[in-house]
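Report on one structure; see the data block that follows.
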Amino acid sequence: MIDFKSTFKMAVISLKINKMRSMLTSLGIIIGVSAVIIMLAVGSGASERIAKDMESMGSNLLMIRSSSANTGGVRMGAGTKPTLTLKDAEVIESNANGVLAVAPYSSQSLQLTYGNQNWASTVAGTTASYLFIRNYEIIDGRNFIPVDIKNSTKVAIIGNTVATELFGDMDPINKTMRIGNVPFKIIGLLKTKGESGMGMDQDDLVFIPITTAQKKVFGTDFPGSVKMINVKAISDEALPIAESDITDILRRRHNIGKNQDDDFEIRNLAEMQETIKSSARTMSLLLGAIASVSLLVGGIGIMNIMLVSVTERTKEIGIRMAIGAKASDIRIQFLIESFLLSIIGGLIGVAVGVFGAKLLQIFAGMSISISSFSIFLSLGFSGAIGVIFGYYPAYKASLLNPIDALRYE
């Protein structure tokens, strides 16, 4: 029977005798594990940031945009031809199956003023449903009410950035600011959302009633037209039904013939979100896989050093066998040595990796997420590397003939 206690003790003593070599041998594992920890932390952080951005955009969304204008053979891009109207939004909300909420939307960048303060921001004309659809939350004041839309009331809901730039520490509710030259009473303040994944400030905006925007702020040659209609479906499963119904409704309303192209474009944001999330997950796995290569290199380093160690300690092995040690004792001792080299390197690598990831977060401003899974995965992988790459040297040592080993010089 193998005496694990004494075998383990001898393995530790052997490593202590060659401290510098043991440390350098573990270096490959240290670098590999720390690289895996950092890469997985960066990948997971990016995935979480994307998921957070997707959540802030809203769920189960369809975005309907008017088609592209064509001027002198030049296509101006989606949304440049005024084919969508407020009435379209009303009919969709009333008749399309699977639809939970609908909000028309048009926006422009305009100058805002209050007293001697001014700020350029995005001004969006919409309805109360838009805030629900896009997960905006009012923390002070109120949302639009039907009379605001019906009477084209000059009221506004502002984001935190606008509130800070125009009003500083003052409470903006019930204050009057100007959008262009038109005075607006502030009735609501939005909860802070922060920057989106694309670096856009989601708090630098102003919402006003869509009818007010059309009649008193933006001006248009096509009364009632909107740039976009946002639709929130009841669930993910209802999105295809809602999209199909909306297409049929708009084609009928716009008198589009059977063989004619649509004069609108419907984007399923759920599909887009899932594609982005899938890409982020793939990138995270790819980063981890690339970093894992250095672990394999570290394992090869351990095998090389253990082979050298077997050669250097041939006489020691012969003496141990001569006084009764079995081949299994020799094999287990060398396996323990390679395992210890690897797992100690793994533990140090985890500490270096966590520290390195924190430095990236502090100095590079990167989003990171260190999970216990990635730590245990790295440690388990490093331990397995030690056993796998240490087995051949251990096996080779156990096959030595005691007499030949004692004669070895």
Quiz item: In Å, rounded to the nearest 0.5 Å, how long is the span from CG of Asn151 to NZ of Lys215?
Solution: 8.5 Å
Quiz prompt | Sub-4.5 Å side-chain heavy-atom contact between Lys154 and Val217 | solution = no
Practice problem: Indicate yes or no for a side-chain donor-acceptor contact from Ser382 to the backbone of Leu379 under 3.5 Å, with no hydrogens or angles considered. | Solution: yes
Practice problem: Show your reasoning for whether side-chain contact (heavy atoms from CB on, under 4.5 Å) applies to Ile92 and Leu250. | Solution: CA-CA 8 Å; Ile92 289 170; Leu250 290 178; 4.1 Å; yes
Quiz item: Got a second to check how far Ile133's CD1 is from Leu100's CG, nearest 0.5 Å?
Solution: 8.0 Å
Self-check item: Ile370 backbone acceptor or donor facing Ser374 side chain under 3.5 Å
Solution: no
Quiz item: Any side-chain heavy atom of Val231 within less than 4.5 Å of one from Leu61?
Solution: no
Practice problem: Check whether any side-chain N or O of Ser106 sits under 3.5 Å from a backbone N or O of Lys227 as a donor-acceptor pair, and report yes or no. | Solution: yes
Quiz item: Within the distance-only criterion (no hydrogens, no angle test), does the side chain of Gln117 pair as donor or acceptor with the backbone N or O of Phe167 below 3.5 angstrom?
Solution: no
Quiz item: Centre of Phe132's six-membered ring, under 6.0 Å away, within 45 degrees of the axis: is that where NZ or CZ of Lys232 sits?
Solution: yes
Quiz item: Looking at Asp262, Asp88, Thr83, which one forms a side-chain hydrogen bond (donor to acceptor under 3.5 Å, both in side chains) with His254?
Solution: Asp88
Practice problem: State, with a plain yes or no, whether a side-chain heavy atom of Thr164 is found less than 4.5 Å away from one of Trp119. | Solution: no
Self-check item: Exercise: identify the closest heavy-atom pair between Gly301 and Thr25
Solution: O-CG2, 4.3 Å
Quiz item: OH of Tyr395: more than 12 outside heavy atoms within 6.0 angstrom?
Solution: no
Practice problem: Please examine the side chains of Ile300 and Phe389, heavy atoms only from C-beta on, and report whether any two atoms are closer than 4.5 Å. | Solution: yes
Exercise. Give the ring-plane orientation class for Phe207 versus Tyr130, where under 30° counts as parallel, over 60° as perpendicular and anything between as tilted.
Key: perpendicular
Quiz item: What's the verdict on side-chain contact (heavy atoms from CB on, under 4.5 Å) for Thr127 and Phe144, showing C-alpha distance, side-chain angles and the deciding distance?
Solution: CA-CA 7 Å; Thr127 61; Phe144 302 130; 5.8 Å; no
Quiz item: CZ of Arg331 to CD1 of Ile336: how many Å apart, nearest 0.5 Å?
Solution: 12.0 Å
Quiz item: For the side-chain hydrogen bond (donor to acceptor under 3.5 Å, both in side chains) test, which of Thr122, Thr161, Asn160 pairs with Asp201?
Solution: Thr161
Quiz item: Passes side-chain contact (heavy atoms from CB on, under 4.5 Å), Leu86 versus Val226? Steps please.
Solution: CA-CA 7 Å; Leu86 283 175; Val226 295; 4.0 Å; yes
Quiz prompt | Atom of Thr126, atom of Ala103 and distance for their closest heavy-atom approach | solution = OG1-CB, 4.0 Å
Quiz item: Just by distance, do the side chain of Asp329 and the backbone of Lys326 share a donor-acceptor pair under 3.5 Å?
Solution: yes
Quiz item: Backbone N or O of Thr311 within a donor-acceptor pair of the Thr314 side chain at under 3.5 Å?
Solution: yes
Quiz prompt | Note, Val206 side chain near Phe184 side chain (heavy atom, < 4.5 Å) | solution = no
Practice problem: For Asp245 and Asn97, indicate whether the former's side chain and the latter's backbone hold a donor-acceptor pair under 3.5 Å. | Solution: yes
Practice problem: Kindly give the heavy-atom pair with the smallest separation between Asn143 and Ala128, and that separation in Å. | Solution: ND2-O, 3.2 Å
Practice problem: Go through the steps for Val99 and Leu62 under the test side-chain contact (heavy atoms from CB on, under 4.5 Å), then give the verdict. | Solution: CA-CA 10 Å; Val99 170; Leu62 293 173; over 6 Å; no
Exercise. Keeping the roles fixed (side chain from Ser26, backbone from Ser22), state whether a donor-acceptor pair exists under 3.5 Å.
Key: yes
Quiz item: Backbone N or O of Ile305 within a donor-acceptor pair of the Ser309 side chain at under 3.5 Å?
Solution: no
Self-check item: Student check: side-chain heavy atoms of Asp148 and Arg142 closer than 4.5 Å
Solution: yes
Quiz item: If you measure from CG on Asp204 to OG on Ser121, what distance do you get to the nearest 0.5 Å?
Solution: 3.5 Å
Practice problem: Report yes if the side chains of Thr153 and Lys185 come closer than 4.5 Å at any heavy-atom pair, otherwise no. | Solution: no
Exercise. Measure across Gln260 and Asn255 and return the closest heavy-atom pair with its distance rounded to 0.1 Å.
Key: OE1-O, 4.0 Å
Quiz item: If only atom types and distance count, is the side chain of Arg251 paired as donor or acceptor with the main-chain N or O of Gly257 below 3.5 Å?
Solution: yes
Quiz item: Asp203 and Lys193: which non-hydrogen atoms are nearest, and at how many Å?
Solution: OD1-N, 2.7 Å
Quiz prompt | Heavy-atom closest contact (Ile29 atom, Gly299 atom, distance) | solution = CD1-N, 4.0 Å
Quiz prompt | Rounded distance [0.5 Å steps], CG in Leu205 versus CD1 in Ile157 | solution = 10.5 Å
Self-check item: Student check: side-chain heavy atoms of Arg253 and Thr85 closer than 4.5 Å
Solution: yes
Self-check item: CG on Asn118 to CG on Asn116, rounded to 0.5 Å
Solution: 9.0 Å
